[in-house]
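The structure under discussion appears below in the form of structure tokens.
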Amino acid sequence: MRVHASIEPLVWENQFFGLSSAIVRFHDDAPALTASDLSPWQRVQAKIPAGRTDYLDGLQQLGFQLVEGEVDLTIAVTPCEPSDEEIATDQDIPELRQMAALAFAQSRFRAPWYASDDSGRFYAQWIENAVKGTFDHECLVFRRQEGQIQAFVSLRQLNEREARIGLLAGRGMGDKLMQAAIHWAAKRQLSTLRVATQMGNTAALKRYIASGGNIDTTAYWLYR
């Protein structure tokens, strides 16, 4: 089974992880992918729709291995009352970085594909960027009475109709975080909120479905 695709460098990830990395981009009119196309790269990623078993078979023949499954959900944005969330500021970055590093230590950037602390570093940088309005546009936080951050959610507006949840973490705060995210999107007169999670994260899947989420797509991540 041949896979027709091109290889695209992952510039930001190359700089962040210190690995020569690329991603597979599938095109029916592209040449068949070969081992020699992949050999210059230390890490090559591929994300395939879960139903494309032809891609799965072809990539496995080239030495790719399954890393994780991903579920993407959509939530219809409806008017809702604001809660006591706040917009995170630069002063919150050190605390948020520590929380994100702990909450997302076992992502697809985990060992053995990456260094043992790379996943935590990656998501710590993600949440810092969200506070600064880079990549994600804003980070909302809930605080304990003493002022410490209890939970956070980052959000990004994709277009005139849709937004996406980036990172969401806070034990026992899932309902409040989802309501805050929906309210954020409603204020911007958006109609759809998107969120993705690992297939194995059943707690997150249950929370998103309970908040009105419908499964839109499923996919697999593979690495070589």
Side-chain angles (χ1 to χ4, degrees), residues 2-49 52 55-56 58-60 62-72 88 90 93-94 96-101 103-139 152-159 162-169 194-198 217 219-224:
R2 291 192 170 190
V3 174
H4 293 266
S6 58
I7 303 295
E8 180 181 312
L10 291 169
V11 177
W12 188 88
E13 289 188 18
N14 290 344
Q15 296 170 350
F16 185 83
F17 293 116
L19 285 174
S20 177
S21 304
I23 191 166
V24 175
R25 299 297 188 193
F26 299 96
H27 309 283
D28 289 338
D29 57 350
L33 200 60
T34 67
S36 61
D37 296 325
L38 303 168
S39 59
W41 306 97
Q42 293 175 277
R43 181 74 61 246
V44 183
Q45 305 176 12
K47 182 181 180 180
I48 65 171
R52 291 301 301 261
Y55 285 170
L56 180 61
L59 290 172
Q60 287 179 325
L62 289 168
F64 282 81
Q65 297 182 42
L66 179 65
V67 177
E68 71 177 31
E70 182 178 286
V71 181
D72 199 73
D90 287 357
I93 287 174
L96 285 167
R97 284 185 61 95
Q98 185 176 26
M99 291 176 68
F104 304 104
Q106 287 298 313
S107 74
R108 66 183 180 87
F109 298 109
R110 66 186 183 276
W113 306 104
Y114 293 86
S116 58
D117 65 340
D118 274 353
S119 183
R121 288 196 311 113
F122 178 84
Y123 288 100
Q125 189 62 53
W126 183 331
I127 203 64
E128 177 175 340
N129 290 351
V131 174
K132 294 178 176 179
T134 304
F135 188 60
D136 284 349
H137 293 136
E138 213 156 54
C139 176
F152 64 85
V153 57
S154 69
L155 294 136
R156 177 170 85 257
Q157 184 168 341
L158 302 174
N159 51 49
E162 296 180 318
R164 177 172 287 282
I165 292 172
L167 302 181
L168 181 150
R194 291 186 169 273
V195 63
T197 190
Q198 296 163 314
T217 60
Y220 295 125
W221 281 98
L222 297 96
Y223 290 167
R224 183 187 189 274

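Here, residue 1 is the first one in the sequence, and each next residue gets the next number. Since the model is a prediction, treat every value here as computed from it, not as a measurement.
The side-chain heavy atoms of Arg194 and Leu158, taken from C-beta on, include a pair separated by under 4.5 Å. In this structure the side chain of Leu222 never reaches within 4.5 angstrom of the side chain of Val44, judged on heavy atoms. For the pair Val67/Arg110, a side-chain contact is recorded, criterion being any heavy-atom separation below 4.5 Å from C-beta on. When side chains are defined from C-beta on, Ile165 counts as touching Leu155, because their heavy atoms get closer than 4.5 Å.
Relative to the ring axis of Phe135, Arg156 places its NZ or CZ within 45° and under 6.0 Å from the centre.
The aromatic rings of Phe122 and Phe109 are tilted relative to each other, their planes meeting at an angle between 30° and 60°.
Between Asp90 and Lys132 no salt bridge is recorded (no basic side-chain N to carboxylate O distance below 4.0 Å).
Of all the heavy atoms in Ala101 and Ala124, the pair that sits closest is CB-CB, 4.4 Å. Minimum heavy-atom separation, Phe104 to Ser119: O-OG, 2.5 Å. Nearest heavy atoms, Ala32 versus Arg2: CB-CD, 3.8 Å. Ala130 and Asp136 get closest at one heavy-atom pair: CB-CB, 3.7 Å. Nearest heavy-atom pair, Ile127 versus Ser154, reported as atom, atom and distance to 0.1 Å: CD1-CB, 4.0 Å.
Pairs passing the ring pair (Phe, Tyr, Trp, His ring centres under 6.0 Å) check and including a residue from residues 19-44, sequence neighbours excluded, read Phe26-Tyr55. Residue pairs that meet the salt bridge (Lys or Arg N to Asp or Glu O under 4.0 Å) test with at least one member in residues 21-46, sequence neighbours left out, are Glu8-Arg25.
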| task | Decide yes or no on side chain to side chain contact (heavy atoms under 4.5 Å, CB included) for Val153 and Cys139, but give the supporting numbers first. | result | CA-CA 6 Å; Val153 57; Cys139 176; over 6 Å; no
| query | For Leu33 and Ile7, what are the C-alpha separation, side-chain angles and deciding distance, and is it a side chain to side chain contact (heavy atoms under 4.5 Å, CB included)? | reply | CA-CA 9 Å; Leu33 200 60; Ile7 303 295; 3.7 Å; yes
| field | Worked verdict on Gln106 versus Gln198 for side chain to side chain contact (heavy atoms under 4.5 Å, CB included) | value | CA-CA 10 Å; Gln106 287 298 313; Gln198 296 163 314; 5.9 Å; no
| Given the rule in the side chain to side chain contact (heavy atoms under 4.5 Å, CB included) test, do Val131 and Leu96 qualify, once you have shown the distances and angles that lead to the verdict? | CA-CA 9 Å; Val131 174; Leu96 285 167; 3.6 Å; yes
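To the nearest 0.5 Å, atoms CG (Asp72) and OG1 (Thr197) are separated by 10.5 Å. The CZ atom of Arg164 sits 11.0 Å away from atom CG of Asn159, with the distance rounded to the nearest 0.5 Å. Atom CH2 of Trp126 and atom CG of Leu167 lie 5.0 Å apart (nearest 0.5 Å).
Heavy-atom neighbours of Gln60 CD from other residues, nucleotides or ligands within 6.0 Å: above the threshold of 12.
There is no side-chain donor-acceptor pair under 3.5 Å between Gln45 and Trp221. In this model, no donor atom of one side chain and acceptor atom of the other lie less than 3.5 Å apart for Tyr220 and Arg52. Between Thr134 and Asn129, the side chains place no donor N or O within less than 3.5 Å of an acceptor N or O (distance only, hydrogens not considered).
Judged by distance alone, with hydrogens and angles left aside, the side-chain atoms of Glu70 form no donor-acceptor pair with the main-chain N or O of Ala219 at under 3.5 Å. Side chain of His137 to backbone of Gln157: a donor-acceptor contact under 3.5 angstrom is found. At least one donor-acceptor pair under 3.5 Å links the side chain of Asn14 to the backbone N or O of Ser21.
Arg121 meets the side-chain contact (heavy atoms from CB on, under 4.5 Å) test with Phe16, Phe17, Asp117, Asp118; sequence neighbours excluded.
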